[in-house]
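Below is one structure, written out as structure tokens; comments come after it.
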Amino acid sequence: MAIYEEPGRPRNWQERLAIWRDRLYDRLFHNYIWRSIFRSGYPNTPRNQMLVVATNIFLHLHPTRIHRTHAKVTHTYCLGGLTFFMFIILTVTGVLLMFYYVPDVNRAWQDIAALETNVRFGLLMRNLHRWTAHGMVILVFLHMMRVFYTGAYKPPREFNWVVGVMLLFLTLLMSFTGYLLPWDQLAIWAITVGHGIGGSTPYLGDEVQQVLFGGFEIGQNALIRFYTLHVLGLPLLSAILMAVHFWRVRRDGGLARPL
Amino acid sequence: MAVEVRRAVPRPALRPRREREEEVLVWPDLLFPEFISAVLFLFTFILLSVFINAPLLNQANPNITPNPSKAPWYFLNLQELLLHMDKAWAGVLLPGLFLLFLAVIPYIDRSNEGQGVWFGTQYSVRITLVTAFYSMAITWLLVLFDAGKFERLTRFFPTCSEDAQHHWPPCLTGGANGLGGARELYTRLRFSIGDFDWPQDWRFPLPKLGGFSELHFKNLHLWGDMNINVAAVMVEQVIPLVIVFGLAALLVYGLFRIGWVRTTRDVMIVLFTGAMSSYLALTIVGSFFRGAGQALIPPTDLRVDCGTVPAPPGCP
């Protein structure tokens with residue numbers, strides 16, 4: 001009676017299939033190129049899973065372990081993460097939209113109209129950009145309400161809440177500056193309302209209009225300012241503040257818990 | 001017969017679980033939900049984008065003003081506020097104060113109570129609900145009042161003519177209707193104390209405060225003149241602000257008196273919830289209930305795209 005069987009010829013078709021499956025897996029994932037990208041295989045032990053989270057550049061935003069209560073979806077509803085995800089979608093679609101758009105009052109509207117009709121997936125990208133922008137504004141508010149009602153702004157997280165308020169304001173500004181870019185009737189008259197509101201700043205009304213809108217009416221100056229702020233200034237500032245925001249979540253000890 | 005059981009030895013306390021035992025691994029317990037939610041949202045938004053197109057009206061034309069012109073929806077609350085008070089307060093100062101209030105919440109409420117759990121204090125759920133209802137209801141009532149829906153309540157004022165002087169008792173010019181909004185306290189209410197007529201005699205030169213009056217707070221209503229127009233300042237600034245802050249203070253005080261609000265955290269919950277609820281209510285009013293000339297209309301009559309050429313049916 002053999003205690004173990006020598007690996008020999010497969011006895012039936014199931015064993016034959018298993019051998020081919022293993023060979024295929026080896027070819028796909030144990031080859032030189034794959035291993036140069038992903039140094040280890042699928043992390044199927046707790047130790048390797050922690051190691052991956054700690055060492056992978058995209059995952060190392062997370063701690064390796066979290067408290068049981070924070071793993072429940074109903075604690076955070078993933079709202080902060082989803083807001084960030086909206087920002088990523090907006091960046092990707094926004095870069096694609098920039099290929100086809102020139103911020104010139106004589107061209108902007110034609111560019112958008114052409115984007116919708118002449119560019120493959122242009123309409124989809126513009127729609128996606130628009131709706132995720134609205135989604136981000138809503139998610140930012142919901143995230144703030146989640147943090148507030150779970151008392152997560154309390155010490156030692158005071159300043160991270162302040163950073164969050166700045167990000168809320170930046171999100172609104174990013175959405176607002178993007179609103180003008182299609183240069184249609186909806187855009188300029190909405191921004192005209194905002195122009196009037198900015199001009200009603202006590203003591204500094206004219207200055208606000210000059211700095212933010214580049215003049216006393218919505219024209220080329222306003223368009224180029226809004227464009228630059230929308231595609232460069234505000235996202236850059238937001239990215240920096242987001243880095244601070246995420247970093248401080250970790251530094252302040254992860255998500256808030258009852259003491 | 002009840003038997004009193006007395007333990008000789010107190011029950012051993014449960015062994016406190018160590019921190020490490022309460023923890024789960026981020027892979028898979030956090031990454032998996034994150035991934036699923038991201039995929040769900042991505043597909044939802046792609047579906048939305050396939051079926052609903054982003055609006056693109058006619059090319060911008062500075063000569064054709066759509067009526068109504070509306071700000072983006074998240075600023076429609078400010079646009080709505082503009083209809084009710086001084087534009088500097090509505091557009092800049094109140095939202096600025098709101099952001100400032102948000103930022104300083106953690107520096108006012110520095111306790112650790114209720115940290116890390118939903119609605120951590122004893123009555124926080126009910127004060128949140130009561131505050132949300134109170135703020136939205138009052139916001140709606142105030143909007144309706146300024147739209148003249150409650151003018152019947154003030155028809156007891158006698159009427160008087162525009163050019164008459166020395167009115168007593170107080171009376172309303174321009175028809176038999178009662179007050180159709182707070183601003184009519186300035187435009188239609190007339191009364192006199194001796195020779196002193198409301199509103200035209202209530203103008204006082206601005207006191208010189210070491211050059212301060214030359215600053216010209218030109219956007220704060222009629223502040224930039226050499227005179228303070230008391231009636232205009234009352235209607236545009238004092239009354240709206242007293243209502244906004246007074247009603248908030250009233251709610252906090254009332255909830256404190258009945259014992260639902262007990263700590264600074266509770267006060268913050270009331271103020272935050274109230275501000276957010278009013279913001280939401282104003283956004284809804286501005287989005288769905290404001291038609292041409294910012295008149296209050298039912299959402300079914302709404303036309304938003306009258307800026308196109310040719311104007312769609314139903315537009316002036």
Side-chain angles (χ1 to χ4, degrees), chain A residues 43 46 49-50 52-53 62-68 71 73 78 81-82 85 109 112 123-124 126-128 130-132 135 137 148-155 158 161-162 165 169 172 175-176 179 182-190 192-194 197 200-203 205 256-259, chain B residues 22-27 29-30 33-34 37-38 41-42 45-46 48-50 52-62 65-66 69-72 74-75 78-79 87-88 91-92 99 102-103 105-107 110-112 114-120 215 217-220 265 272 276 307-308:
Chain A
Q49 286 167 346
M50 287 196 279
V52 164
V53 172
H62 300 94
T64 54
R65 294 177 305 268
I66 51 168
H67 193 266
R68 223 159 20 89
V73 172
C78 296
L82 284 173
F85 185 56
W109 186 85
I112 298 291
L123 181 60
L124 182 70
R126 170 162 138 75
N127 291 349
L128 202 54
R130 182 88 168 200
W131 301 137
T132 41
V137 172
F148 180 83
Y149 288 118
T150 53
Y153 58 81
K154 287 159 177 279
E158 303 99 321
W161 167 271
V162 177
V165 173
F169 187 57
L172 291 178
S175 189
F176 184 67
Y179 215 84
W183 204 251
D184 62 346
Q185 282 288 74
L186 191 65
I188 66 155
W189 292 105
T192 303
V193 174
I197 290 178
S200 65
T201 313
Y203 189 55
R257 278 209 301 124
L259 292 182
Chain B
E22 298 281 333
E23 289 180 338
V24 294
L25 293 184
V26 161
W27 182 315
D29 287 298
L30 180 61
E34 278 183 351
S37 56
F41 266 66
L42 183 60
F45 276 103
I46 288 178
L48 201 68
S49 305
V50 167
I52 308 176
N53 284 341
L56 183 68
L57 306 186
N58 282 2
Q59 185 167 10
N61 184 348
T65 311
S69 308
K70 288 199 176 186
Y74 40 83
F75 287 146
L78 306 185
Q79 201 181 353
K87 59 182 176 155
V92 180
L99 280 178
L102 286 181
I105 284 176
Y107 299 96
R110 286 188 261 179
S111 67
N112 269 318
Q115 173 171 330
V117 283
W118 280 90
F119 299 105
L215 275 178
F217 287 94
K218 48 198 162 205
N219 281 312
L220 277 177
R265 165 74 173 150
F272 179 83
M276 294 296 284
T308 53

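Chain letters run A, B, ... following the sequence lines, proteins first, then strands; residues in each count from 1.
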Nearest 0.5 angstrom please: B:F119 CZ to A:Y149 OH, how far? 6.0 Å
Taking B:I46, B:L25, B:D29 one by one, which has the highest count of heavy-atom pairs under 4.5 Å against chain A? B:L25
Pair count under 4.5 Å, heavy atoms only, with chain B: among A:R130, A:M50, A:H67, highest is A:H67
Pairs of heavy atoms under 4.5 Å with chain A: top-ranked of B:L56, B:I105, B:N112: B:L56
Based on non-hydrogen pairs under 4.5 Å, which of A:T64, A:L123, A:V73 is most in contact with chain B? A:T64
Heavy-atom pairs under 4.5 Å with chain A are the metric here; pick the option from B:G91, B:G114, B:P106 that has the most. B:P106
Quick one: does any side-chain atom of A:W161 pair with a main-chain N or O of B:L102 as donor and acceptor, under 3.5 Å? yes
Can you say whether A:L124 sits under 4.5 Å from chain B via the side chain, the backbone, both, or neither, judging by heavy atoms? both
By a 4.5 Å heavy-atom criterion (distance strictly below it), what part of A:L82 contacts chain B: side chain, backbone, both, or neither? side chain
Mind checking the OH-CZ spacing from A:Y179 to B:F75? Nearest 0.5 Å is all I need. 11.0 Å
Picking from B:P72, B:P33, B:A71, which has the most non-hydrogen pairs under 4.5 angstrom with chain A? B:P72
Working to the nearest 0.5 angstrom, can you tell me the gap between A:W183 CH2 and B:N58 CG? 14.5 Å
Calculate, to the nearest 0.5 Å, the distance between atoms CG and CG belonging to B:L42 and A:L128 respectively. 7.0 Å
In terms of heavy-atom proximity below 4.5 Å to chain A, should B:Y74 be classed as side chain, backbone, both, or neither? side chain
Do you know which two heavy atoms are closest between A:A256 and B:Q115, and how far apart they sit? CB-CG, 3.8 Å
Would B:F41 and A:F85 count as a ring-ring contact (aromatic ring centres under 6.0 Å, His included) if you check the C-alpha gap in whole Å, the side-chain angles of each, and the deciding distance to 0.1 Å? CA-CA 9 Å; B:F41 266 66; A:F85 185 56; 8.0 Å; no
Of all heavy-atom pairs between A:D184 and B:P55, which one has the smallest distance, and what is that distance? OD2-O, 4.1 Å
Taking only residues two or more places apart in sequence, or in another chain, which ones meet A:E158 in a salt bridge (charged side-chain N to carboxylate O under 4.0 Å, His left out)? none
Using every non-hydrogen atom in the two residues, find where A:V193 and B:S69 come nearest and quote the distance to one decimal. CG2-O, 3.9 Å
For the CG atom of B:L78 and the CD1 atom of A:I197, what is their distance to the nearest 0.5 Å? 5.0 Å
On a heavy-atom basis, which atom in B:R265 and which in A:G151 lie closest, and how many Å separate them? NH2-N, 3.3 Å
Can you tell which part of A:A187 gets under 4.5 Å to a heavy atom of chain B, answering side chain, backbone, both or neither? neither
Please report the shortest heavy-atom distance between B:V92 and A:T201, naming the atom on each side. CG2-OG1, 3.6 Å
Sequence neighbours left out, what passes side-chain hydrogen bond (donor to acceptor under 3.5 Å, both in side chains) with A:Q49? Give chain and number order. none
Checking A:T192 against chain B: side chain, backbone, both or neither under 4.5 Å from a heavy atom? neither
Does a side-chain heavy-atom distance below 4.5 Å link A:F169 with B:L99? yes
How close do B:N61 and A:Q185 get, counting heavy atoms only, and between which atoms? N-OE1, 2.8 Å
Is chain B contacted by the side chain of A:F176, its backbone, both, or neither, given a heavy-atom distance below 4.5 Å? both
Chain A interface, residue from B:S111, B:S37, B:G116 that has the most non-hydrogen pairs under 4.5 Å: B:G116
